[in-house]
Amino acid sequence: MGKITDRQYSILIVSAVEQLNTFVKKNISDRHFTTIEVRKSAALAAQELLNRHYDVIIVNAPLPDNFGVDFVLDICGRYTSGIIILSPGEVADDVTERVIDHGVVVLAKPMTARGLVRNIRHLIAIQNKFHDTEKKLLSMEDKMKEIRIVSQAKCLLVEKEHLTEAEAHSRIGKLAMDRCISRRAVAEEIIDRWE
């Protein structure tokens, strides 16, 4: 399999067909996938997903306990895993129409190893972008929270100690530098002292 990243990934195969399970494992087993688990029904897979997150879920429709589409629609709303349905060729277009708006990939059987691997890589690339964006968003939210806390502390210094905004800003910066702590930590101390 081509280069994805240095991160390790996990795959859950939901299939009662041993031949397909072996085919999938053989074609995706390399150093990037540390976990490849198989569950033979939607019920067992749902139970497994309560215990562990998987980067990719491959569902081989039909499953013994349901066709698989309802299971996929249920889990795609609750988990961030990339999902592939392997569908019988004669119903693949219908399956696609039901799941495409949920970000689920449908591959018609029989499929090639190359097609399967490309789609797995595509899902992982999308997930990596999603996780990178999520990290940036959390970082920005944290910075915004710090700005709000520091601003609140400056307002308290202006109100309680009659400093100008520039003086309050300088005091918070100087205290942080002198004590080798963050401006946020100094601001929180000021807020605790005055509120």
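Side-chain contact between I36 and I13 is present, with at least one heavy-atom pair separated by less than 4.5 Å. Residues F67 and V95 are in side-chain contact: their nearest non-hydrogen atoms beyond the backbone lie under 4.5 Å apart. Residues I58 and L86 form a side-chain contact, since some pair of their non-hydrogen atoms from C-beta on lies under 4.5 Å apart. Proximity of W194 to E159: side-chain heavy atoms (C-beta onward) are nowhere separated by under 4.5 Å.
The 12-atom threshold is not exceeded at CD of E165, counting heavy atoms of other residues, nucleotides or ligands nearer than 6.0 Å. For CD of E161, the number of neighbouring non-hydrogen atoms (other residues, nucleotides, ligands) closer than 6.0 Å is greater than 12. Counting non-hydrogen atoms of neighbouring residues, nucleotides and ligands closer than 6.0 angstrom, the NE2 atom of H122 reaches no more than 12 such neighbours.
With rounding to the nearest 0.5 angstrom, the OG atom of S15 is 4.5 Å from the CG atom of L20. How far CD1 of I120 is from CD1 of I84: 5.0 Å, rounded to the nearest 0.5 Å. To the nearest 0.5 Å, the span separating CD1 on I83 from CZ on F71 amounts to 7.5 Å. The distance from the CE atom of M144 to the CG atom of L137 is 11.5 Å, given to the nearest 0.5 Å. Note: F130 CZ to L123 CG = 13.5 Å, rounded to the nearest 0.5 Å. With rounding to the nearest 0.5 angstrom, the CG atom of L116 is 12.0 Å from the NZ atom of K109.
Nearest approach of A113 to N27, heavy atoms of both residues: CB-OD1, 3.1 Å. Taking both residues in full, the closest heavy atoms of N51 and Q47 are given as ND2-O, 3.4 Å, listed atom of the first, atom of the second, then distance. The two residues I172 and R183 make their nearest non-hydrogen contact at CG2-O, 3.9 Å. Smallest separation of non-hydrogen atoms from L44 and K40: CD1-N, 4.3 Å. Across V14 and L63, no two heavy atoms sit closer than the pair O-CD2, 3.5 Å. I28 approaches F33 most closely through the heavy-atom pair O-CD1, 3.0 Å.
Two different hydrophobic clusters hold V91 and V105 under the rule that ILVMFWY side chains link at heavy-atom gaps under 4.5 Å. In the hydrophobic cluster analysis, where Ile, Leu, Val, Met, Phe, Trp and Tyr join through side-chain heavy atoms closer than 4.5 angstrom, V24 is grouped apart from V59.
With respect to the salt-bridge test (charged N to carboxylate O, under 4.0 angstrom), the residues E18 and K25 do not qualify.
Listed by chain and residue number, E195 satisfy the side-chain hydrogen bond (donor to acceptor under 3.5 Å, both in side chains) test with Q152 (two or more places apart in sequence, or in another chain). Here R52 pairs with S10, T35 under the side-chain hydrogen bond (donor to acceptor under 3.5 Å, both in side chains) rule; sequence neighbours left out. Not a single side-chain hydrogen bond (donor to acceptor under 3.5 Å, both in side chains) links K160 to another residue, sequence neighbours left out.
Residues Y9 and Q127 have side chains that never bring a donor and an acceptor to within less than 3.5 angstrom of each other.
The side chain to side chain donor-acceptor pair (under 3.5 Å) pairs that include a residue from residues 133-149 are D142-R184, where partners are two or more places apart or lie in different chains. Among residues at least two apart or in separate chains, side chain to side chain donor-acceptor pair (under 3.5 Å) pairs with a member in residues 77-88 are D74-R78. Listed by first then second residue, pairs satisfying salt bridge (charged side-chain N to carboxylate O under 4.0 Å, His left out) with a partner in residues 79-100 read D70-R98, not counting sequence neighbours.
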